[in-house]
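Working notes, structure below.
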2 protein chains.
Amino acid sequence: MTPQRQLVLDAVRDLGHATPEQICTQVQRSAPAVNITTIYRTLDLMERIGLLRHTHLGHGAPSYSEEKHQHVHVVCHSCGAVSEAPLDLLDGVVGRLRSDSGFELDVTHLALTGTCHTCQSTPPEDE
Amino acid sequence: MTPQRQLVLDAVRDLGHATPEQICTQVQRSAPAVNITTIYRTLDLMERIGLLRHTHLGHGAPSYSEEKHQHVHVVCHSCGAVSEAPLDLLDGVVGRLRSDSGFELDVTHLALTGTCHTCQSTPPEDE
DNA sequence: ATAGCTGCAAACGGTTTGCCTCACA
DNA sequence: TGTGAGGCAAACCGTTTGCAGCTAT
C-alpha cells in the first residue's frame, strides 16, 4: 500500500461516490503531483481485489464507492439527481431472472433511470 | 426529411439496435460521403421528436433503436451478451418507486447487468 | 539486480463544436 | 435572400498505453 493508494482510498471514503476525476481533484489537494493515471490504475486494482466497486450512473464517468456501500441507484435523466434505494427493491426481478434463465443480476452496478417527481412538471431535457 | 436522414432511419430499422458508429458504416455502404457528425445530429433530432430512442448497454457507445421497439435489456458483463426481457419484468419496481417517491421509471433506457448462466462457471472478466 | 509503482506524454474511442458551403423555400 | 442541413477539421472528455525513472527490496 503506497502513499498514493492510501490517498485514493481515503478520497473515495471521504467522497462516498465519486468519478475518477473528482477523486483525482480530492487527492491532489494533499498531493498535487499525483497523476490521474495513478488514480485509474489504483481504482482498477482496488476493484479487482474487492475493496471498491463502480456504478454507471448512465451518462458520463462511472462512480466509485466502497464495496460495502451497496444500494440501488435511481437517477433522474432530467435533473441528474441520484437517489439510493434499498437493495431489496429488485429482489423480485432478481428471482425471476434467476429462475427463468439462470441470470445472476448485479443490482448495484447499474442505475435505474427515469424522471423524478419534481421534473415531471418541468419540460424534459433528456439525458 | 433529407436523403441522409432517411438513410439513417433505414439503417436503424435494418440493424434493430446499433451504435452511431455501426449506423454510420451501414449508411456509408450506400452513401460513402455521409459524415458521422450527420449521424449524431440526426439521431439526436429523431430522438427529440420521438422516432428513436437510445439505451445504455453499460460499457461503450449507446445503442439506438426505434421508439416502438421497447423492452428491458439484460447484459452479461462477463461475455457482453445482451438479451431482451419483457417490459413487465419491472412492473413491480415501477409501481413501488411511483408510490414511494413519485419517480417515473424508464425501463427501456437502462440495461440490467449481471452474469449470465454460461459465464457463472467461467472466471469473470468484469466489464 | 529486480520487480513494481509512478509520472508523463501520447494515443485512443466516442462525441461535440465551429465554421464555411450549399441547396432550397 | 435567408434559414437550415451537411461536410470537414479540430476540440473535447474520459480512459488507456508505452516508456523511462525511481524505490524498495
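The sequence lines fix the lettering, A, B, ..., with proteins before strands; numbering per chain opens at 1. All heavy atoms count here, side chains included; hydrogens, waters and symmetry mates do not.
Comment: A:R96 engages B:D88 in a salt bridge, judged by a side-chain N to carboxylate O separation of less than 4.0 angstrom.
Using a 4.0 Å cut-off, no side-chain N or O of B:T38 falls inside it from OP1 or OP2 of D:dG6. Within the structure, every side-chain polar atom (N or O) of B:Y40 is placed at least 4.0 Å from both OP1 and OP2 of C:dT16.
C:dA23 atom P lies 12 Å from atom CD of B:Q4, rounded to whole Å. D:dA5 atom P lies 11 Å from atom CE of B:M46, rounded to whole Å. In this structure, the CD1 atom of B:I36 is 12 Å from the P atom of D:dG7, given to the nearest Å. Here D:dG6 presents its C1' atom at 15 Å from CG of B:L43, a figure rounded to the nearest Å. Computed from coordinates, the A:I23 CD1 to D:dT15 C1' distance equals 14 Å when rounded to whole Å. A:L45 has its CG atom 12 Å from the C1' atom of C:dG4, to the nearest Å. Taking atom CG of residue B:N35 and atom P of nucleotide C:dC19, one finds them 18 Å apart after rounding to whole Å. Between A:E21 atom CD and D:dT15 atom P there is a gap of 8 Å when expressed in whole angstrom units.
In the hydrophobic cluster analysis, where Ile, Leu, Val, Met, Phe, Trp and Tyr join through side-chain heavy atoms closer than 4.5 angstrom, A:V75 is grouped apart from A:L89.
Put simply, the side chain of B:Q28 never gets that close to the backbone of B:A33: no donor and acceptor are under 3.5 Å apart.
Taking 4.5 Å as the limit, some side-chain heavy atom of B:V93 sits within range of a side-chain heavy atom of B:L97.
Using a 4.0 Å heavy-atom distance criterion, A:R41 is classed as a base contact. Residue B:P3 is out of contact with every strand shown, counting any heavy-atom pair closer than 4.0 Å. Within 4.0 Å of A:T37, counting heavy atoms only, lies at least one base atom of the nucleic acid.
Closest contact between the side chain of A:P62 and the listed nucleotides D:dG6, D:dG14, C:dT15 involves D:dG14.
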Notebook entry, point to check: side-chain contact (heavy atoms from CB on, under 4.5 Å) between B:T108 and B:H71: does it pass, once the steps are laid out?
Noted result: CA-CA 6 Å; B:T108 66; B:H71 36 237; over 6 Å; no

